[in-house]
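Sequence lines set the chain letters: A, B, ... in the order given, protein chains first and strands last, and positions in each chain run from 1.
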2 protein chains.
Amino acid sequence: MKRLLPLLLAAPLLLAQAPTASPPPSLANTSADQIIAAAPASAWAAIDPDDIMVMDTAAGQMVIQLAPLFAPAHVAAIKALVKAGRFDDGRIVRVQDNYVVQWAAKPLDGKEPVSQPPDVREQRVRAAPLPAEYERSAKGLAFTPSPFKDTYAEAGWIAGWQAARDRKAGTAWLAHCYGTVGVGRDMPPDTGDGAELYTVIGHGPRHLDRNIANVGRVLAGIEPHAALPRGTEALGFYKDEAQRVKIARVRLASQIPGFPAWQMMDTASPSFAQVVQARANRTGFFVRPAGAADLCTLKVPVREAK
Amino acid sequence: MKRLLPLLLAAPLLLAQAPTASPPPSLANTSADQIIAAAPASAWAAIDPDDIMVMDTAAGQMVIQLAPLFAPAHVAAIKALVKAGRFDDGRIVRVQDNYVVQWAAKPLDGKEPVSQPPDVREQRVRAAPLPAEYERSAKGLAFTPSPFKDTYAEAGWIAGWQAARDRKAGTAWLAHCYGTVGVGRDMPPDTGDGAELYTVIGHGPRHLDRNIANVGRVLAGIEPHAALPRGTEALGFYKDEAQRVKIARVRLASQIPGFPAWQMMDTASPSFAQVVQARANRTGFFVRPAGAADLCTLKVPVREAK
């Protein structure tokens, strides 16, 4: 034990008896971070700025990557809403602990975004019916399987996304994990119109997979939103307008001059395979590496381009 | 779609296009709740009030069940700290997004609870060395296996706890899920003294299983703590004393006259087996039941006794 002290002195924050998620590279449990830092340029893929949605709220800025590969109609609808300014002056309407933060565009009639009477919602829904893009054909998609068991399906990565597939049915879909962005819907499965979105702020609700249109993921800025007060009404809805967090504006990154370029790690690259192994076999602080990691733990590295 | 409206009118909140976690019993996706509500008294087990820790912070009250079955030395140390009032005027020192909320007792020298210089921590640690209770012998423990695949181990329940086991090694341990409470430690595995605890507020970090002393779970009141601002320093530590949330007092439920009695569902009961199946096969809102659920999703129902 004494021998460890000089090492620990170099990183005093680690002394606070912490289960460590991403400590500095000089200490243990960092090999995934080291691999990411050392990955060659070829291991990174550019994210199209037209697929990045930038949401400025009273809590902070959330940067979201959209996934047209998996939900083309929903993503097109969301982009149209963004370009029409429909999310501007929208509200975060719901925060349910260990589940979701949900926000809404302003309805067409100019009323406040939620708790609309059913006839208003019915009207909005009928104005923009969308297909139930809960899964898609796996044809033509390169699938990198996870080397570890998955409770729900065959898990892996497609084009930089945490995903799963059903080989028999020939289908693939995005997985619901922390930071996943989906489209809220009513009971009928084809009623989500993209004007009400959520992001996951709890244990990956994989039971939502193939039950709702999963349209993207948060690249940055989830923290202040995950830290919003939980709503006190059923399902975590806020009771009063005053509790709803205001959305100042939502734009695509392609509409914002000088907005940083973003990259994601190529999930078919050797670097990503190394990240997966490193996350499954953590060292240093860990006296017994798990030898495995579940899909939601195996996040795809993303970064602002340098 | 029109036909659904009368039903939906009866529950207007559900209209807000929400992925639903626990809607009212009159609608779909509620069979687990219905099973829990209808479970006979024999399906419930009392929780010893001497194993319940009640923490009052500036954010709210958090009720924690301790697990002496799995970490007897740590739980005894924590109870001793509670009885000595060591957590009173302690602080929540760290909130890391998608990971943990961590809090600390006041150190013996009366200084503020964290960022102590290494010599102070060394002194505290040496005063109370504890064994590394990361797993235990499975001998004599009744194990109810999960019917579903687990990425990490053989998953199931032991005496009302989400747990896992290694049949070959003859060991069992508590699983790290949302709301799990563990003991922070330094790099050497035997240095946690119970004076610094954390609870999980993100995707179940199962890689911590068998790497840290898991001592209990939150029964109630995690919400306002999971919603605390994330710390801006490395690992989510708060930078300034002013950011740290004050702990007014921590007591055992057995020390608080009139504190409600708590119960947990007997994980060997038929009712719990039904809950597991219902959570794996959600209906109503769900067009495609998952047919499985992972261990951290399969929480053990707990309630205040009526």
Legend entry - Among the listed options B:A280, B:A293, B:P224, the residue most often paired with chain A at heavy-atom distances under 4.5 Å: B:A293
Inset, instruction - First locate atom CZ of A:F148, then atom CG of B:D150, and finally report the distance between them rounded to the nearest 0.5 Å. - result: 13.5 Å
Legend entry - Best-contacting candidate, A:C296, A:A132, A:A290, A:G202, against chain B by heavy atom pairs under 4.5 angstrom: A:C296
Inset, instruction - Drop me the distance from A:I222's CD1 to B:R230's CZ, to the nearest 0.5 angstrom. - result: 9.0 Å
Inset, instruction - Kindly give the heavy-atom pair with the smallest separation between B:N211 and A:R288, and that separation in Å. - result: OD1-N, 2.8 Å
Legend entry - Heavy-atom contact with chain B under 4.5 Å, split by part of A:P229: backbone
Inset, instruction - Determine the option with the most heavy-atom pairs under 4.5 angstrom with chain B, choosing from A:R279, A:R206, A:E135. - result: A:E135
Legend entry - Heavy-atom pair with the smallest gap, counting every atom of A:A292 and B:Y152: O-CE2, 3.4 Å
Inset, instruction - Mark yes or no for whether B:H203, through its side chain, and A:G204, through its backbone, hold a donor-acceptor pair below 3.5 Å. - result: yes
Inset, instruction - Sort out for me which of A:G182, A:G236, A:P205, A:A227 touches chain B most, counting heavy-atom pairs under 4.5 Å. - result: A:A227
Inset, instruction - Measure the spacing between CZ of B:R282 and NE2 of A:H207 and express it to the nearest 0.5 Å. - result: 3.5 Å
Inset, instruction - For A:N98 and B:K299, work out which heavy atoms get closest and say how close. - result: ND2-NZ, 4.1 Å
Legend entry - Closest heavy-atom pair and its distance - A:D97, B:A226: OD1-CB, 3.5 Å
Inset, instruction - Can you tell which part of A:D294 gets under 4.5 Å to a heavy atom of chain B, answering side chain, backbone, both or neither? - result: both
Legend entry - Closest heavy-atom pair and its distance - A:V287, B:R210: CG2-O, 3.7 Å
